[in-house]
Amino acid sequence: MSPHLRRPHGFTLVELAIVLVIVALLTGGMLFSLSAQTEVRDNGDTKKQLQDIGDALIGYAASHYSSSGQHPFLPCPDTDYDGVEEARDGSGNCPSAEGVLPWTSLGLGQYDSWRNHYRYRVHTRFSNNKDGFGLATSAADITVCSVASASSGCSVANSTLASGLPALVLSHGKNGLGAINAQGAANGASSDADEVENHDGDNVFVSRAVTQQGFDDQVLWLSPNLLFNRLIAAGRSL
Ligand SMILES: [Ca+2]
Ligand SMILES: [Ca+2]
Ligand SMILES: [Ca+2]
């Protein structure tokens with residue numbers, strides 16, 4: 001038989017090594033792109049859910065009437081993690097200004113994309129169900145800064161994003177630090193100063209771009225003007 005017609009016996013070791021390197025590179029690239037895609041999808045899902053939560057909060061206010069004055073009011077935070085807002089006291093005030101979002105009372109899903117509860121804060125004048133709120137209600141005091149603050153407002157110059165807010169909802173993001181998890185327990189605290197600002201229990205919060213290592217919270221706040229506008233459009237007198 002002529003040497004030109006002889007069938008090859010298989011791959012050489014060098015050829016095999018090249019094939020293995022190519023397969024490894026392809027698999028690594030695919031896995032990386034898959035995890036990047038998952039992260040983009042999870043962040044997008046939570047962002048969309050936060051928008052739905054904003055709509056649901058306005059819908060709650062539009063469909064609730066205070067006992068005196070027939071004014072709207074926002075739900076109380078849920079502090080025992082059963083999804084139901086806590087009962088108000090005899091004066092109509094919520095027992096706590098902050099807790100998790102009362103998802104059952106709002107008819108929403110209970111977790112963000114990483115199976116942690118959304119944090120929810122509401123000003124007492126806007127969640128009181130005896131008087132409710134209207135255009136004459138004094139401004140609320142929730143503030144959002146672009147960096148952590150050393151005081152009750154935004155202590156760094158030009159870092160105020162919004163102030164006088166009646167309510168705010170946030171997801172603690174992929175790292176989940178500072179969140180209440182699906183077991184109703186608190187996850188560990190963050191060491192990032194801007195993230196700590198979002199789980200230290202006061203009325204100042206931080207919203208800024210998500211970074212690879214560190215801040216990954218997503219914050220949604222309810223502007224009083226948007227709230228009033230939507231309630232008037234829904235036919236409520238304020
Ligand atoms: Ca509850
Ligand atoms: Ca976070
Ligand atoms: Ca804070």
Side-chain angles (χ1 to χ4, degrees), residues 39 42-47 49-50 56-57 60 74-89 93-123 127 129 140-156 159-165 167-221:
E39 195 163 333
D42 287 348
N43 275 310
D45 287 350
T46 292
K47 188 177 178 189
Q49 210 172 356
L50 279 168
L57 286 171
Y60 177 104
L74 289 164
C76 291
D78 173 23
T79 53
D80 58 4
Y81 318 134
D82 63 353
V84 180
E85 61 173 320
E86 302 315 321
R88 292 164 176 85
D89 65 17
N93 292 319
C94 297
S96 173
E98 193 166 315
V100 304
L101 186 77
W103 70 90
T104 304
S105 302
L106 291 165
L108 297 167
Q110 54 182 317
Y111 304 126
D112 63 12
S113 294
W114 305 277
R115 285 183 62 75
N116 291 310
H117 289 293
Y118 289 97
R119 183 178 290 261
Y120 167 60
R121 187 175 183 96
V122 62
H123 192 279
S127 55
N129 75 347
D141 64 0
I142 300 172
T143 303
V144 182
C145 314
S146 55
V147 290
S149 175
S151 67
S152 58
C154 300
S155 57
V156 177
S159 68
T160 306
L161 297 178
S163 61
L165 304 170
L168 177 144
V169 183
L170 71 90
S171 159
H172 288 280
K174 186 185 175 191
N175 67 25
L177 297 172
I180 301 297
N181 60 35
Q183 286 74 44
N187 291 336
S190 178
S191 57
D192 180 281
D194 293 343
E195 288 217 333
V196 170
E197 189 65 273
N198 284 343
H199 64 67
D200 63 1
D202 66 17
N203 61 354
V204 178
F205 297 85
V206 166
S207 177
R208 67 169 175 82
V210 168
T211 52
Q212 204 67 25
Q213 307 284 332
F215 190 92
D216 65 3
D217 299 356
Q218 289 192 42
V219 182
L220 174 102
W221 60 86

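For ligands, and for the atoms within them, numbers begin at 1 and follow the listed sequence. The model shown is predicted, which means the values in this text are computed figures rather than measured ones.
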- Message: Set out, in order, the CA-CA distance, both residues' side-chain angles and the distance that settles side chain to side chain contact (heavy atoms under 4.5 Å, CB included) for L57 and V122, then state yes or no.
- Response: CA-CA 11 Å; L57 286 171; V122 62; over 6 Å; no

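With a 4.5 Å cut-off on side-chain heavy atoms, T104 and D82 do not count as touching. Counting heavy atoms from C-beta outward, N187 and W114 have side chains that stay 4.5 Å or more apart.
Within the 3.5 Å criterion, the main-chain N or O of A162 finds no donor-acceptor partner in the side chain of T160.
Around the Ca ion (ligand 3), the two atoms O of E197 and O of V204 are separated by an angle of 90°, to 10 degrees. If you put the vertex on the Ca ion (ligand 2), OD1 of D216 and OE1 of E195 sit 120° apart, to the nearest 10°.
Of the charged side-chain nitrogens involved, none lies within less than 4.0 Å of a carboxylate oxygen, so that D42 and K174 do not count as a salt-bridged pair.
Distances from the Ca ion (ligand 1) to each N, O or S atom of D80 single out OD1 as the nearest. Closest N/O/S atom of D202 to the Ca ion (ligand 3): OD1. Note on D82: its N/O/S atom closest to the Ca ion (ligand 1) is OD1. Atom OD1 is the N/O/S atom of D200 found closest to the Ca ion (ligand 3). The atom name of the N/O/S atom in E86 closest to the Ca ion (ligand 1) is OE2. The closest approach of D78 to the Ca ion (ligand 1), by N/O/S atoms, is made by OD1. When the N, O or S atoms of H172 are ranked by distance to the Ca ion (ligand 2), O comes first.
Inspection of the R119 and H199 side chains reveals no N or O donor paired with an N or O acceptor under 3.5 Å. E195 and N175 form a side-chain donor-acceptor contact under 3.5 Å, judged by distance and modelled atom types alone.
Among the backbone and side-chain atoms of S171, none of the N, O or S atoms lies under 3.0 Å from the Ca ion (ligand 2). Within the 3.0 Å limit, V84 places at least one N, O or S atom next to the Ca ion (ligand 1). For residue D217, an N/O/S atom approaches the Ca ion (ligand 2) to within less than 3.0 Å.
Note: W103 and H117 have parallel aromatic rings, judged against thresholds of 30 and 60 degrees for the angle between ring planes.
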